Peer 1: 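Have a look at the structure that comes next, please.
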2 protein chains.
Amino acid sequence: MRSFGNLEAAIMDRLWTWDRPATVREVVDDIARERDIAYTTVMTVMDILFRKGWLTREKDGRAWRYCPTAGREEYTAGLMRDALGESRDRAAALQHFVERMSDEEAEALRTALQRIGGVPGAAADASGPADAAAPR
Amino acid sequence: MRSFGNLEAAIMDRLWTWDRPATVREVVDDIARERDIAYTTVMTVMDILFRKGWLTREKDGRAWRYCPTAGREEYTAGLMRDALGESRDRAAALQHFVERMSDEEAEALRTALQRIGGVPGAAADASGPADAAAPR
DNA sequence: CTACCCCTACGATGGAGCTTCGTAGCAAGG
DNA sequence: CCTTGCTACGAAGCTCCATCGTAGGGGTAG
């Protein structure tokens, strides 16, 4: 997974926000409103992101149109998973993690957990999209 | 800011595993069992980790003894926090995150959530953001 | 058909951070 | 006094990311 550099992040950010296939030209023009940047710089980096698998692309006339392979939130979740994976005592790591969470985050986390599987002790788990229905 | 290089990770890993103040000599000798490494290389990196705040140290005779300022799991939790913080829709990110979790992890997460504020509606009373720096 | 413009491909340069180690110096023990 | 072990300082080297220039190709307007 690994994280992005500055320019890489700026590019991904735009593609994620726009949520549609975009050309190098569009990205360049948008970044250029904040700072000077050469067309080829952005093109090079987008090509690197493509080759590293973060973007897909398809021809649109002469230009390529790029799309992120993963959504912003998927990417975030991937980073979190990477981080967690490096720990030995995952339960302890998760404990530390939730301890510093805001109330809203904790609430969102509870909701997310309820959606993927029944609450321990409760019998009802047939609601919601059946995605991970693995019994313990 | 976050995340370590290879050598840095190897050093932190040993300090975390040993869970006691260790000298450069001890770390060097342990790493040297796997690959060639100069004493000064390890010393330099440990000094950098110290200056960056990842390690504390105290004199023990002629040598310094180093200790991590945060435990492995605290560090992991910090990485996860960093990752989550960059997302816009945190609820969605958390949803993606838990969806790919193993059953054991989900269970550990539920337990952790219960511990910080088991009852819905009740806010977790996080007392003091105490950064642990105590060697055990 | 020709000139122009836009886009791609490729490669070169530079900087930041991590890694690597050598040399010089100091302090303790024999 | 000499050996041993540790520290301090700093010089390279390496790997990525960032930055851009130049060369080239294919539409499009005259």
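Bear in mind that the values here come from a model prediction, so they are computed numbers and not experimental data. Numbers restart at 1 for each chain; the letters A, B, ... are given by sequence-line order, proteins then strands.
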Peer 1: I'd like to know if B:Glu26 and B:Arg65 make a salt bridge, using a cut-off of under 4.0 Å between side-chain N and carboxylate O.
Peer 2: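 A salt bridge is present here (some side-chain N lies under 4.0 Å from a carboxylate O).
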Peer 1: Between A:Asp29 and A:Arg14, does any NZ, NE, NH1 or NH2 come within less than 4.0 Å of an OD or OE carboxylate oxygen?
Peer 2: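 Here A:Arg14 does not pair with A:Asp29 in a salt bridge, since their nearest N and O are not under 4.0 Å apart.
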Peer 1: With a 4.0 angstrom cut-off to heavy atoms of chain B, pull out the first and last contacting nucleotide of DNA chain D, in 5'-to-3' order.
Peer 2: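 The footprint of chain B covers D:dC6 to D:dG10.
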Peer 1: Please classify the nucleic acid contact of B:Thr44 as base, sugar-phosphate, or nothing, using heavy-atom distances under 4.0 Å.
Peer 2: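 Base: the residue B:Thr44, judged by heavy atoms under 4.0 Å, touches a nucleobase.
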Peer 1: For the pair made of CE in A:Met46 and P in C:dT8, what is the distance, rounded to whole Å?
Peer 2: 9 Å
Peer 1: If you look at every strand shown and take non-hydrogen atoms under 4.0 Å, does A:Ile37 touch a base, only sugar-phosphate, or nothing?
Peer 2: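 A:Ile37: backbone/sugar contact only, no base atoms under 4.0 Å.
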Peer 1: Would you tell me if any nitrogen or oxygen in the side chain of B:Tyr39 comes within less than 4.0 Å of OP1 or OP2 on C:dT20?
Peer 2: no
Peer 1: Establish, yes or no, whether a centroid distance under 6.0 Å links the rings of A:Phe50 and A:Trp64.
Peer 2: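 No - the distance between ring centres of A:Phe50 and A:Trp64 does not fall below the 6.0 Å cut-off.
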Peer 1: List the atom pairs, with distances to 0.1 Å, where a side-chain N or O of residues 89-96 of chain B and a protein N or O form a donor-acceptor pair under 3.5 Å, not counting sequence neighbours.
Peer 2:
unit_1: B:Asp89; atom_1: OD1; unit_2: B:Ala91; atom_2: N; d: 3.4
unit_1: B:Asp89; atom_1: OD1; unit_2: B:Ala92; atom_2: N; d: 3.1
unit_1: B:Arg90; atom_1: NH1; unit_2: A:Glu105; atom_2: OE2; d: 2.3
unit_1: B:Gln95; atom_1: NE2; unit_2: B:Glu99; atom_2: OE2; d: 3.3

Peer 1: Starting from the 5' end of DNA chain D, give me the residue, A:Lys52 or B:Arg65, whose nearest nucleotide shows up first.
Peer 2: B:Arg65
Peer 1: Which label fits B:Trp54 and B:Phe4: parallel for a plane angle under 30°, tilted from 30 to 60°, or perpendicular past 60°?
Peer 2: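 Judged by the thresholds at 30° and 60°, the geometry between B:Trp54 and B:Phe4 is perpendicular.
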Peer 1: Where do B:Tyr66 and B:Val24 come nearest, in terms of heavy atoms and distance?
Peer 2: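 For B:Tyr66 versus B:Val24, the nearest heavy atoms are CE1-CG2, 3.9 Å.
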Peer 1: Would you tell me if any nitrogen or oxygen in the side chain of B:Lys59 comes within less than 4.0 Å of OP1 or OP2 on C:dA27?
Peer 2: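 No, no such contact exists.
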Peer 1: Under 4.0 Å from OP1 or OP2 of C:dT20: is there any side-chain N or O of B:Arg35 that close?
Peer 2: yes
Peer 1: Could you check whether A:Asn6 gets within reach of a base, just the sugar-phosphate, or nothing at all, counting any heavy atom under 4.0 Å?
Peer 2: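 Contact class for A:Asn6: sugar-phosphate only.
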